[in-house]
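Since this is a predicted model, take the numbers as computed values, not measurements. Numbers here simply count residues along the sequence, with the first being 1.
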Amino acid sequence: MSLKIKNILILLILSALLLSLSLPCSASLMVYGESLYGSEDKIMCISYRGDTALYPENSLEGVLSAEEKGADGVSVGVEKTSDGIYVLTEEKKLSAVTDAPYESVGEITYDELQNYYLKDNTGALTKYRMVSLSQTISLTGEDFIIIVDAEWDEADGIYDLISHYGAFDRIIIRVKESASKVSEWISSKPERVNVISPYQGNIIFSAASNFNKMSQAGSRFVQYQTKNYFGVVYGSFFCKRFADENAPKAIAPMYDLDLSGQRTDSQEGWNEVIEAGYSVIETNNLVSLVSYIDRHEKAGRALGVLAEKASLIAAESYSQVQRENLNDALVRSAEALGKLSSPDEYESAYSALLLAMNELSISREEDTQKGQLNITAGKIIAAALVGALILAAQIFVYKMQKEKKR
């Protein structure tokens, strides 16, 4: 009888011991919010003059192709015909961009203009005709941005056209005029209109003044340009000092080296301007930039998921070095996710966090193989309970043996 009782008690003790070794630790290193990767952290692609790899600059077909390929918008030039129609074109001789024998768009009516054809970048004649700004607005999506490069004295006429289509949220006028004058003009209008007054130079106070005036006027975008690679507007702190979800988005005109501080319209250049705080890239490299943005979004989401998973890991069961490594990797991930980072920054933070997590897994496997037990507060309490059970069992067995002798 006493032998059976002993066996039962031993089984109970072993069960309690196994339970104590498997108790999870409730503490974690840090807890992140659900929106680690917010929708605000998005790079925007503005295709300069449309899909110029396949179509002439400023052609309707090029604009629609850019939209179809995933661009967030396009930038186009506009001029006014003799009968007051705004058409997509450049500030060049009409004979340089079409086969029309005229110097300027203003010498010909819109209907007459339809008798001529656009030239491509090599000067070869194509089958495409010049199109009106009105038609371009009508045929593009409601969320598709159109930046209109125009002369300052045409701002009122373009404003009326935007008002006619109710397209104030997506049509942006870009002019070569002072921010002060543009800000006053915006304030005089009954509807808020988006206007870009690009700043070109290296004086930080002037650049900051441009930002403040355009921001106060309610414009969605600002633009900074420089020929100098080390110019302050592409420094590591200029745009970041204005970082705010309600602040205008900064455009980097990558299609021209003299505007982007000699940074190329490629992954290397895009990484640099994004890390400097720019979130809108105006490009001649449409397909590559769309692919780059897709990679950026996937890398951000992957890092967010991994950071959430890592933040739930019980920390106290590992060594101090391991805890510090994991915490450092989590902090680095939080910093990358807390701002608009380049894909390289996201991927680098992901690799560091994954390495820290793998070190924990290897440590746990080694402990299991060696039969080593990590001592934690929860396990000490469980061990004390097991000890109490063993003592109680011994007392019980002793009493049973004593009764048997009697």
Please check if the side chain of Ser219 supplies one atom and the backbone of Ser215 the other of a donor-acceptor pair under 3.5 Å. no

Grab the two heavy atoms, one from Leu330 and one from Ala307, that are nearest each other, plus how far apart they are. CD2-O, 3.8 Å

Not counting sequence neighbours, list each pair that qualifies as a ring pair (Phe, Tyr, Trp, His ring centres under 6.0 Å) and has a residue in residues 190-215. Phe211-Phe242

Rounded distance [0.5 Å steps], CG in Asn325 versus CE in Met357: 13.5 Å

Find out whether Trp270 and Leu289 are in side-chain contact, i.e. whether some heavy atom of one side chain is under 4.5 Å from a heavy atom of the other. yes

Expected output: side-chain Arg220 to main-chain Asp169 donor-acceptor under 3.5 Å: yes

Got a sec: does the CD of Glu91 have more than 12 other heavy atoms crowding it under 6.0 Å? no

Just wondering, do Ile158 and Val78 contact through their side chains at under 4.5 Å, heavy atoms? yes

Can you find a heavy atom in the side chain of Ile251 that is under 4.5 Å from one in the side chain of Ile147? yes

Might you work through the side-chain contact (heavy atoms from CB on, under 4.5 Å) test for Leu340 and Ile43, ending with a clear yes or no? CA-CA 8 Å; Leu340 183 65; Ile43 302 170; 4.2 Å; yes

Listed by chain and number, what are the side-chain hydrogen bond (donor to acceptor under 3.5 Å, both in side chains) partners of Thr264, not counting sequence neighbours? Ser266

I need the full list of ring pair (Phe, Tyr, Trp, His ring centres under 6.0 Å) pairs touching residues 59-98, with sequence neighbours left out, sorted by first then second residue. none

Residues forming a salt bridge (Lys or Arg N to Asp or Glu O under 4.0 Å) with Asp258, sequence neighbours excluded: none

Side chain to side chain contact (heavy atoms under 4.5 Å, CB included) test vs Leu113 passes for just one of Leu94, Val131, Ile85, Thr89, namely Leu94

Write down the atom of Ala276, the atom of Gly235, and the distance for their closest heavy-atom approach. CB-O, 3.5 Å

Output yes when a side-chain donor or acceptor of Tyr234 lies under 3.5 Å from a complementary backbone atom of Tyr224, and no otherwise. yes

Side chain Asn327, main chain Arg323, donor-acceptor under 3.5 Å: no

Check ion pair Arg263-Glu268 (N to O, under 4.0 angstrom): no

With sequence neighbours excluded, tell me which residues meet ring pair (Phe, Tyr, Trp, His ring centres under 6.0 Å) with Tyr128. Tyr55

Is it true that Ser180 and Lys213 share a donor-acceptor pair across their side chains at a distance under 3.5 Å? yes

Look only at the side chain of Ser132 and the backbone of Val87, and say whether a donor-acceptor pair between them is shorter than 3.5 Å. no

For side-chain contact (heavy atoms from CB on, under 4.5 Å), just list the numbers for Val97 and Lys92, CA-CA rounded to whole Å, side-chain angles, deciding distance to a tenth of an Å, and then say yes or no. CA-CA 7 Å; Val97 294; Lys92 298 177 181 178; 4.1 Å; yes

Contacts of Ser348 meeting side-chain hydrogen bond (donor to acceptor under 3.5 Å, both in side chains) (sequence neighbours excluded), chain-then-number -> Arg332

Glu275 side chain to Ser342 side chain, donor-acceptor N/O pair below 3.5 angstrom: yes

Interatomic spacing from CG in Leu259 to OG1 in Thr226 - rounded to 0.5 Å: 9.5 Å

Could you check whether any side-chain heavy atom of Gln135 comes within less than 4.5 Å of a side-chain heavy atom of Leu60, counting everything from C-beta outward? yes

Decide yes or no on side-chain contact (heavy atoms from CB on, under 4.5 Å) for Asp72 and Phe144, but give the supporting numbers first. CA-CA 6 Å; Asp72 296 286; Phe144 191 67; over 6 Å; no

Give a yes or no on this: more than 12 heavy atoms of other residues, nucleotides or ligands lie within 6.0 Å of atom CG of Leu54. yes

Suppose the criterion is salt bridge (charged side-chain N to carboxylate O under 4.0 Å, His left out): which pairs have a residue in residues 150-160, not counting sequence neighbours? Lys80-Glu154, Asp156-Lys189

If I compare all heavy atoms of Gly50 with all of Val74, which pair ends up nearest, and what's the gap? CA-CG1, 4.1 Å

Check whether any side-chain heavy atom of Ile146 sits under 4.5 Å from a side-chain heavy atom of Val148, and report yes or no. yes

Distance in Å, Gln223 CD paired with Ile196 CD1, rounded so as to fall on 0.5 Å steps: 6.0 Å

Would you please test Ser333 and Leu306 for side-chain contact (heavy atoms from CB on, under 4.5 Å) and show each step? CA-CA 9 Å; Ser333 299; Leu306 189 66; over 6 Å; no

Any side-chain heavy atom of Ser95 within less than 4.5 Å of one from Tyr102? no

Side chain Ser183, main chain Ala179, donor-acceptor under 3.5 Å: no

Residues that Lys227 engages under side-chain hydrogen bond (donor to acceptor under 3.5 Å, both in side chains), provided they are two or more places apart: none

Looking at Ser197 and Glu177, would you say the former's side chain and the latter's main chain have a donor-acceptor pair under 3.5 Å? yes

In terms of heavy-atom contacts, Val290 and Ala71 come closest through CG2-N, 4.2 Å

How long is the span from the OG atom in Ser209 to the CD1 atom in Ile204, to the nearest 0.5 Å? 12.5 Å

Suppose we screen for side-chain hydrogen bond (donor to acceptor under 3.5 Å, both in side chains). Which residues come up paired with Gln114, at least two apart in sequence or across chains? none

Under 3.5 Å, side chain of Gln322 to main-chain N/O of Ser319, donor-acceptor pair present? yes

Can a donor-acceptor pair be found between the side chains of Asp120 and Thr122 at a distance below 3.5 Å? yes

Quick one: OG1 on Thr81 to CD1 on Ile108, what's the gap to the nearest 0.5 Å? 9.0 Å

Within residues 56-68 or reaching into it, pairs that qualify as side-chain hydrogen bond (donor to acceptor under 3.5 Å, both in side chains) - sequence neighbours excluded: Asp51-Ser65, Asn58-Glu90

Would the distance check show the side chain of His296 and the main-chain N or O of Ser341 forming a donor-acceptor pair, the cut-off being under 3.5 Å? yes

Strictly by side-chain hydrogen bond (donor to acceptor under 3.5 Å, both in side chains), give each pair with a member in residues 280-292 just once, sequence neighbours left out. Ser75-Glu282, Arg174-Glu282, Asp265-Thr283, Asn271-Tyr292, Asn285-Ser288

Side chains of Tyr48 and Thr52 in contact at under 4.5 Å (non-hydrogen atoms): no

Do Tyr350 and Leu303 have side chains that approach each other closer than 4.5 Å (heavy atoms only, starting at C-beta)? yes

Distance col, row Leu360:CG vs Tyr318:OH, nearest 0.5 angstrom, shows 5.0 Å

Contacts of Phe168 that satisfy ring pair (Phe, Tyr, Trp, His ring centres under 6.0 Å) - sequence neighbours left out: Tyr159

Would you name the heavy atoms of Arg170 and Glu142 that are closest together and state the gap between them? CD-O, 2.9 Å

Can you name the nearest heavy-atom pair linking Tyr116 to Arg129, along with the distance? O-CG, 3.5 Å

